[in-house]
**Student:** 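Once you've had a glance at the structure underneath, I'll fire off some questions.
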Amino acid sequence: MSDIHITFPDGSVKKYETGITGQDVLHDLNGRIKKEAVAVKVDDKLFDLHRALPSGKIEFLTFDSREGKDVFWHSSAHIMAHAVKNVFPKAKLAFGPPVEEGFYYDIDAGQSIGTDDLAKIEEEMQVIVNANRPFERDELSVDEAIAIFKEKNEDFKVEQIERLGEPPAIYREGDFIDLCRGPHLPSTGYVKHFKLLTIAGAYWLGDEKNPMLQRLYGISFPKKSQLDEFVNRLEEAKKRDHRRLGRELDLFSIQDDIGPGLVLWHPQGAFIRHKIEEFWRERHLKTGYEFVNSPHIARKSLWNTSGHLEFFSENMYSSMEVDEQEYLVKPMNCPFHLLIYKSRTRSYRDLPYRWAELGTVYRYERSGVLHGLMRVRGFTQDDAHIFCRPDQLDDEVVKLIDFSTGMLKAFGFDNIDVYLSTRPEKYVGSLPNWERATEALKNGLEEMGVPYAVDPGEGVFYGPKVDIKIRDSIGRSWQCSTIQVDFNEPERFDISYIGADGEKHQPIMIHRALLGSLERFFGVLIEHYAGAFPLWLAPVQVSVIPITDGQHEYAKAVHAQLIEADIRAELDDRNEKVGYKIREAETRKIPYMLIIGQKEVDLKTVSLRKRHEGDLGSSNLTELIALIQDQVNAKSSS
RNA sequence: GCCACCAUAGCUCAGUAGGUAGAGCGACUGAUUUGUAAUCAGUUGGUCGCGGGUUCGACUCCUGCUGGUGGCUCCA
């Protein structure tokens, strides 16, 4: 038997006997790694710590790495499944993988598992963890494995083994056996701190036609502090929930009498929206766009021409009849912009056209998917369509990527994730066109040096797209910007321009939205800032707070001066104590408070207080006004 | 749409052997003239989401619907 040669990260090579395990190698090492290693990687292949290793480059995984977390959470899922089997012996297990944060297991318990059962399952898990039993790996033949799982009535596992068709690995932990590729933690005792989170429905193999299983979500950590931090973060996210802040700050509401997914913008919310729109218009004019407007409904025939009835009808509101003609509410703005293009002959000299519209569209969304402002049925897209010559496509894509990232940055979103979505199964248009369009997007991204990931098959039916997802301040990501190349609709509407050669040519169309929809963007913005909008967006920027009515006259003058300087100021001359008024201004997240007592009247100053920061001492009003104006103009994000 | 859960005053919530509801905050009124996150007192406020059923009697039990929450599937 030959020896095993292990290459360490520092480049040194050590010789071991055949059969050496990760655990054995660890034995010779020092430091934290000895305790914290959860699995081991040799030449990019993962192994349990107690499995015999081949020769190669070794790397020990800990919870700190992505792969380490996956191992940790995967084992946690096994423990949870084991616990579920103890509580519900008839339960059938489906899949139980780690996810980005935590793990889940899909289970058919034979009866419904309710939230009350989670505590019982957690107790069982604790018993399993305390027992600190090893996870043992075994490799079986297909027939052996099927026999084992058949005997345990694990139908889903049997189905899975049959689908795999190759000899599967299984893991044992006490009397619990699960089909699994691994690797796993050395023993159950590693999962020291855990919590079950929610129960949700999920289809077997993710297909709606299959039976629905119950998915149990959980999280676990090696250290208690990590679990505490996780729980804190959930609470923090709850506090930032735009639905809660929307009510507390009186920004918007969604009411039964109107219908699900239809938004009322209250004065303060509408104010912010107008500020966003104002900024949006300025930027578009500077970037070479023109504005257009279009109606909310159109004849059915238009939607036939555009292909929406064929490809998008399940998302459209049903038709209404007017003068014996059928009309449909628009789910998109593009057909209208195409008809504007078509309204006269276009020359190659005039291209590209960049036409933008804050167009309100309506889409039927299944009731279960609606979510506050993030997913609604009526929304306003910051839409635009660019009509260009084929030779202009690459350049336009580059400009768009620059434009959208710049726009998002202005609102404080620096962290973005970019995805290139390619041709879906259901599509229109020719393959070469799809390839060209995809190529153009790819080139644009690469030229701008934007890192991106490919989302295969996630494009729209009429073309590939680039999506930009923004991360809010607690790391959740939301899709806003989308840039979609469309070779299809120009063809359907038969639009053209006269080229230099005097012949007709077909322009290329790009659909794009930068903020996505104002509703979703506002929702993201609320959560991003936790309701404390930057000065330039804040509906009320300053609250002037006199301490007693002895200062009302001076406070009024201060207030008037602020208004004169175009600062959105409020005078709080109610008969309340300062503490009360300050508390209320803080809760309303007003950026600045000017406290005015007798001292300020005498010295002709104001006492400045900033939200979240507290008392900043006395200040000269003229200087303060200049400072505020500067901040507003700079659109600084604090 | 599907699975689980939820729906009591404007908001947050209490109210299980089934006997027609309660707190805090808010709002309103008054007193208080107050120095950096809640002054005090009083008043107001609910066909207990909607419809059916069981019962002498339903906020409470059953059932249908509507809406919401967390997921699945789908998406800006």
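To find a chain, count down the sequence lines: A is the first, B the second, and so on, and within it residues start at 1.
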**Student:** Students often get this wrong, so: under 4.0 angstrom with heavy atoms, is Gln598(A) touching a base, only sugar-phosphate, or nothing?
**Tutor:**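 The residue Gln598(A) makes base contact.
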**Student:** Say you pick atom P in rG26(B) and the same atom in rG10(B); how far apart are they, in whole Å?
**Tutor:**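 Roughly 16 Å separates the two P atoms.
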**Student:** Just to confirm, is there a sub-4.0 Å distance from OP1 or OP2 of rU33(B) to any side-chain nitrogen or oxygen of His552(A)?
**Tutor:**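 Looking at the OP1 and OP2 atoms of rU33(B), neither is under 4.0 Å from any side-chain N or O of His552(A).
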**Student:** What integer number of Å spans the C1' atoms of rA27(B) and rU66(B)?
**Tutor:**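 So the two C1' atoms sit 29 Å from each other.
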**Student:** Would you state whether a donor and an acceptor, one from the side chain of Arg520(A) and one from the base of rC75(B), lie under 3.5 Å apart?
**Tutor:**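 Per atom types, the contact qualifies.
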**Student:** Please classify the nucleic acid contact of Val376(A) as base, sugar-phosphate, or nothing, using heavy-atom distances under 4.0 Å.
**Tutor:**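 Base contact - Val376(A) has a heavy atom under 4.0 Å of at least one base atom.
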**Student:** When all nucleic acid strands are considered with a 4.0 Å heavy-atom cut-off, which category describes Gly206(A): base, sugar-phosphate, or nothing?
**Tutor:**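 Gly206(A): backbone/sugar contact only, no base atoms under 4.0 Å.
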**Student:** Parallel, tilted or perpendicular: which describes the rings of His242(A) and His371(A), with under 30° parallel and over 60° perpendicular?
**Tutor:**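 The rings of His242(A) and His371(A) sit tilted, inter-plane angle from 30° to 60°.
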**Student:** Taking only the side-chain heavy atoms of Ile582(A) (C-beta and beyond), determine which of rA37(B), rA76(B), rC3(B) contains the nearest atom.
**Tutor:**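 The listed nucleotide nearest to Ile582(A)'s side chain is rA37(B).
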**Student:** Establish, with yes or no, whether the OP1 or OP2 oxygen of rA76(B) is under 4.0 angstrom from a side-chain nitrogen or oxygen of Tyr362(A).
**Tutor:**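 Checking rA76(B) against Tyr362(A), no side-chain N or O comes under 4.0 Å of OP1 or OP2.
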**Student:** Need one value for Lys599(A): base, sugar-phosphate or nothing, where a base atom within 4.0 Å counts as base even if backbone is also close, heavy atoms only.
**Tutor:**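 Lys599(A): base contact, heavy atoms under 4.0 Å.
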**Student:** Looking at Lys275(A) and Glu278(A), does any basic side-chain N land under 4.0 Å from a carboxylate oxygen?
**Tutor:**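 The answer is yes: the pair qualifies as a salt bridge.
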**Student:** Can we say Glu519(A) and Arg273(A) salt-bridge, meaning some charged N sits less than 4.0 Å from an Asp/Glu carboxylate O?
**Tutor:**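 Yes, charged N to carboxylate O under 4.0 Å.
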**Student:** Which part of the nucleic acid, if any, lies within reach of Glu314(A) when heavy atoms closer than 4.0 Å are counted: base, sugar-phosphate only, or nothing?
**Tutor:**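 Touches nothing.
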**Student:** With a 3.5 Å cut-off and just heavy-atom distances, do the side chain of Arg583(A) and the base of rU36(B) make a donor-acceptor pair?
**Tutor:**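 Checked by distance alone, the answer is no.
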**Student:** For Tyr203(A), answer base if it contacts any base atom (sugar-phosphate contacts may also be present), sugar-phosphate if it contacts only those atoms, and nothing otherwise; contact means non-hydrogen atoms under 4.0 Å.
**Tutor:**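 Counting heavy atoms under 4.0 Å across all strands, the contact made by Tyr203(A) includes a base.
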**Student:** Under 4.0 Å, counting only non-hydrogen atoms across every strand here, what does Leu370(A) touch: a base, just sugar-phosphate, or nothing?
**Tutor:**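 Answer is sugar-phosphate: Leu370(A) comes under 4.0 Å of backbone atoms only.
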**Student:** Sticking with atom P, work out how far rC11(B) lies from rA37(B), rounded to a whole angstrom.
**Tutor:**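 The answer is 29 Å between these two P atoms.
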**Student:** Is any NZ, NE, NH1 or NH2 atom of the basic residue among Glu159(A) and Lys92(A) found under 4.0 Å from an Asp or Glu carboxylate oxygen of the other?
**Tutor:**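 Looking at Lys92(A) together with Glu159(A), the answer is no, because their closest N to O distance does not fall below 4.0 Å.
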**Student:** Identify whether any heavy atom of Gly201(A) sits under 4.0 Å from a base atom; if not, whether one sits that close to sugar-phosphate; answer base, sugar-phosphate or nothing.
**Tutor:**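 The answer is base, as Gly201(A) lies within the cut-off (heavy atoms under 4.0 Å) of a base atom.
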**Student:** What's the gap between rC2(B) and rU43(B) when it is taken at their P atoms, as a whole Å value?
**Tutor:**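 Looking at atom P only, rC2(B) and rU43(B) are 49 Å apart.
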**Student:** Between rG70(B), rC74(B), rG35(B), spot the one nearest the side chain of Ala200(A), thanks.
**Tutor:**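 Among rG70(B), rC74(B), rG35(B), the one nearest the side chain of Ala200(A) is rG70(B).
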**Student:** Check whether any side-chain N or O of Arg215(A) sits under 4.0 Å from OP1 or OP2 of rG70(B), and answer yes or no.
**Tutor:**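 No, no such contact exists.
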**Student:** For the side chain of Gln484(A), starting at C-beta, report the closest nucleotide among rA76(B), rU33(B), rG1(B).
**Tutor:**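 Comparing rA76(B), rU33(B), rG1(B) against the side chain of Gln484(A), the answer is rA76(B).
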**Student:** Should the ring pair Trp303(A) and Phe336(A) be called parallel, tilted or perpendicular, given that the plane angle runs from 0 to 90° and is split at 30 and 60?
**Tutor:**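 Rings of Trp303(A) and Phe336(A): perpendicular, over 60°.
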**Student:** Please give the distance between the C1' atoms of rG46(B) and rC40(B) as a whole number of Å.
**Tutor:**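 Each nucleotide's C1' atom is 27 Å from the other's.
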**Student:** Write down the distance separating the P atoms in rG52(B) and rG57(B), rounded off to the nearest Å.
**Tutor:**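 One P to the other, the span is 15 Å.
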**Student:** Is there a donor and acceptor pair closer than 3.5 Å between the side chain of Arg377(A) and the base of rC75(B)?
**Tutor:**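 Per atom types, no contact qualifies.
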**Student:** Below 30° counts as parallel, above 60° as perpendicular, anything between as tilted: where do the rings of Trp265(A) and Phe522(A) land?
**Tutor:**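 Judged by the thresholds at 30° and 60°, the geometry between Trp265(A) and Phe522(A) is parallel.
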**Student:** So, OP1 or OP2 of rA76(B): does either fall under 4.0 Å of a side-chain N or O from Lys465(A)?
**Tutor:**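 Checking rA76(B) against Lys465(A), a side-chain N or O does come within under 4.0 Å of OP1 or OP2.
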**Student:** With the threshold set at 4.0 Å, does a side-chain nitrogen-carboxylate oxygen contact exist between Asp467(A) and Lys465(A)?
**Tutor:**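 Judged by the 4.0 Å cut-off on N to carboxylate O distance, Asp467(A) and Lys465(A) do form a salt bridge.
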**Student:** Side chain of Gln214(A) only, heavy atoms from C-beta on: which candidate in rA4(B), rG1(B), rG67(B) is closest?
**Tutor:**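 Per side-chain heavy atoms of Gln214(A), the pick is rA4(B).
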**Student:** Whole angstrom is fine here: how far is it from CG in Asp207(A) over to C1' in rG1(B)?
**Tutor:**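 Interatomic distance, CG of Asp207(A) to C1' of rG1(B): 14 Å.
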**Student:** Can you check whether Arg609(A) has a side-chain N or O nearer than 4.0 Å to OP1 or OP2 of rA37(B)?
**Tutor:**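 Indeed, a polar side-chain atom of Arg609(A) lies that close.
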**Student:** Is the distance from OP1 or OP2 of rG1(B) to the nearest side-chain N or O of Tyr364(A) less than 4.0 Å?
**Tutor:**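 Yes, Tyr364(A) has a side-chain N/O under 4.0 Å of OP1/OP2 on rG1(B).
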**Student:** Spell out yes or no: do the side chain of Asp549(A) and the base of rU33(B) have one donor N/O and one acceptor N/O closer than 3.5 Å?
**Tutor:**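 Indeed there is one.
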**Student:** Does Gly614(A) reach a base, just sugar-phosphate, or nothing at all? Heavy atoms under 4.0 Å.
**Tutor:**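 Nothing, no nucleic acid heavy atom in range.
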**Student:** Does a side-chain N or O of Arg574(A) approach OP1 or OP2 of rA27(B) to a distance below 4.0 Å, or not?
**Tutor:**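 Arg574(A) to rA27(B) OP1/OP2: no side-chain N or O under 4.0 Å.
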**Student:** Tell me what Tyr217(A) touches on the nucleic acid: a base, only sugar-phosphate, or nothing, going by heavy atoms under 4.0 Å.
**Tutor:**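 Sugar-phosphate only.
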**Student:** Testing the 3.5 Å rule here: is there a donor-acceptor pair between the side chains of Thr287(A) and Arg354(A)?
**Tutor:**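 Thr287(A) vs Arg354(A): no donor-acceptor pair found between side chains.
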**Student:** Which word best sums up how the rings of His528(A) and Phe413(A) line up, parallel for under 30°, tilted for 30 to 60°, or perpendicular for over 60°?
**Tutor:**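 Judged by the thresholds at 30° and 60°, the geometry between His528(A) and Phe413(A) is tilted.
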**Student:** Closest approach to the side chain of His371(A), judged atom by atom: which nucleotide of rG70(B), rG35(B), rC74(B) is it?
**Tutor:**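 Closest nucleotide to the His371(A) side chain: rG70(B).
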**Student:** Could you check whether Val369(A) gets within reach of a base, just the sugar-phosphate, or nothing at all, counting any heavy atom under 4.0 Å?
**Tutor:**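 Val369(A): base contact, heavy atoms under 4.0 Å.
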**Student:** Quick check for you: among rA37(B), rA76(B), rC2(B), whose closest atom lies nearest to any side-chain atom of Met212(A)?
**Tutor:**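 For Met212(A), the side-chain atoms sit closest to rC2(B).
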**Student:** Roughly, in whole Å, what's the span from CD in Glu458(A) to C1' in rU73(B)?
**Tutor:**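 Computing the Glu458(A):CD to rU73(B):C1' distance gives 12 Å.
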**Student:** So what does Gln479(A) touch, heavy atoms closer than 4.0 Å: a base, only the sugar-phosphate, or nothing?
**Tutor:**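 Sugar-phosphate, backbone atoms only, no base.
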**Student:** Any salt bridge linking Asp241(A) with Lys238(A)? Criterion: basic side-chain nitrogen under 4.0 Å from a carboxylate oxygen.
**Tutor:**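 Judged by the 4.0 Å cut-off on N to carboxylate O distance, Asp241(A) and Lys238(A) do not form a salt bridge.
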**Student:** Over all strands shown, is Asp256(A) touching base, sugar-phosphate only, or nothing at heavy-atom distances under 4.0 angstrom?
**Tutor:**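 Result for Asp256(A) = sugar-phosphate.
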**Student:** Both Ser607(A) and Ile199(A) contact RNA chain B. Which one's nearest nucleotide lies toward the 5' end?
**Tutor:**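 That would be Ser607(A).
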**Student:** Using heavy atoms to find the nearest nucleotide of RNA chain B for Arg247(A) and Ile254(A) separately, return the residue whose nucleotide is more 5′.
**Tutor:**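 Per heavy-atom nearest nucleotide, the more 5' residue is Arg247(A).
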**Student:** Can you tell me how far C1' in rU73(B) sits from the matching atom in rU54(B), rounded to whole Å?
**Tutor:**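 It works out to 39 Å between them.
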**Student:** Under the criteria of a ring-centre distance below 5.5 Å and an interplanar angle below 30°, is Phe379(A) stacked with the base of rA76(B)?
**Tutor:**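 Given the distance and angle limits, yes, they stack.
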**Student:** Any base atoms under 4.0 Å from Glu519(A), or only sugar-phosphate, or nothing? Heavy atoms, all strands.
**Tutor:**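 Nothing: the residue Glu519(A), judged by heavy atoms under 4.0 Å, touches no strand.
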**Student:** May I ask you to evaluate whether Arg243(A) reaches the phosphate of rU69(B), defined as a side-chain N or O under 4.0 Å from OP1 or OP2?
**Tutor:**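 For Arg243(A), the contact criterion (side-chain N or O under 4.0 Å from OP1 or OP2 of rU69(B)) is met.
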**Student:** Rounding to the closest angstrom, what is the interatomic distance between rG24(B) and rC6(B) at atom C1'?
**Tutor:**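 rG24(B) and rC6(B) have their C1' atoms separated by 22 Å.
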**Student:** Any N or O donor-acceptor pair linking the side chain of Glu600(A) to the base of rG35(B) at under 3.5 Å?
**Tutor:**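 Indeed, a donor on one side and an acceptor on the other fall under 3.5 Å apart.
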**Student:** OP1, OP2 of rG1(B) versus side-chain N and O of Ser367(A): anything below 4.0 Å?
**Tutor:**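 Answer is yes, contact under 4.0 Å.
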